[in-house]
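See structure below.
Computation of the quantities below employed the complete heavy-atom set of this structure, encompassing side-chain atoms and omitting hydrogens, waters and symmetry-equivalent molecules.
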Amino acid sequence: QEKYEHDMASAYGAGIEQGIEQGIRAMILDNIEENVPLERICEKLQKRFEISEKEAQEYITNITQ
């Protein structure tokens with residue numbers, strides 16, 4: 001029972017993380033479509049998703065390459 005609960009909690013956490021990453025990707029792409037400067041997109045990501053500047057820049061770089 002404990003292993004099952006642990007596995008379910010891990011899967012739930014992974015699902016949330018995947019959802020957050022999809023949200024970040026959608027936000028970056030929407031802002032790029034609207035010609036928002038990458039610096040401003042980086043600031044928005046930091047504020048909305050509470051991530052570091054380095055993490056925000058990595059997401060932007062991965063999507064814009």
Side-chain angles (χ1 to χ4, degrees):
Q1 179 68 26
E2 283 182 36
K3 181 175 180 352
Y4 172 79
E5 288 175 9
H6 178 303
D7 290 349
M8 291 304 294
S10 295
Y12 180 74
I16 290 174
E17 190 171 317
Q18 184 178 7
I20 290 170
E21 288 192 9
Q22 288 174 343
I24 289 172
R25 179 177 174 78
M27 183 178 167
I28 292 170
L29 292 173
D30 286 348
N31 279 271
I32 288 172
E33 280 182 12
E34 295 175 12
N35 295 315
V36 175
L38 295 180
E39 182 179 299
R40 180 68 185 121
I41 298 172
C42 186
E43 292 169 359
K44 288 181 175 187
L45 290 173
Q46 291 174 69
K47 179 180 177 185
R48 305 243 193 300
F49 293 96
E50 298 179 357
I51 59 177
S52 70
E53 181 178 358
K54 182 179 184 217
E55 288 173 305
Q57 288 173 344
E58 287 174 2
Y59 279 113
I60 292 168
T61 298
N62 288 337
I63 289 171
T64 57
Q65 285 184 344

Name the atoms and distances for all side-chain donor-acceptor pairs under 3.5 Å in residues 32-45, with sequence neighbours left out.
residue	atom	partner	partner atom	Å
R40	NH1	E43	OE1	3.3
K44	NZ	N31	OD1	2.7

| query | Atom CD1 in I60, atom CG in L29: separation rounded to 0.5 Å? | reply |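 With rounding to 0.5 Å, CD1 (I60) is 11.0 Å from CG (L29).
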| query | Could you give the distance from CD (Q46) to CD (Q57), rounded to the nearest 0.5 Å? | reply |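 So the gap between those two atoms works out to 7.5 Å.
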| query | With sequence neighbours left out, what residues match E21 under salt bridge (Lys or Arg N to Asp or Glu O under 4.0 Å)? | reply |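 By the salt bridge (Lys or Arg N to Asp or Glu O under 4.0 Å) rule, E21 matches no residue at all.
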| Any chance CD of E17 has more than 12 other-residue heavy atoms, nucleotides or ligands included, within less than 6.0 Å? |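 At most 12 heavy atoms, drawn from other residues, nucleotides or ligands, come within 6.0 Å of this atom.
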| Taking C-beta and beyond as the side chain, do M27 and F49 meet within less than 4.5 Å on heavy atoms? |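 When only atoms from C-beta onward are counted, F49 and M27 do touch, with a gap below 4.5 Å.
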| request: With sequence neighbours left out, write down each residue that passes side-chain contact (heavy atoms from CB on, under 4.5 Å) with T61, or none if nothing qualifies. | output: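 side-chain contact (heavy atoms from CB on, under 4.5 Å) list for T61, sorted by chain: Q65.
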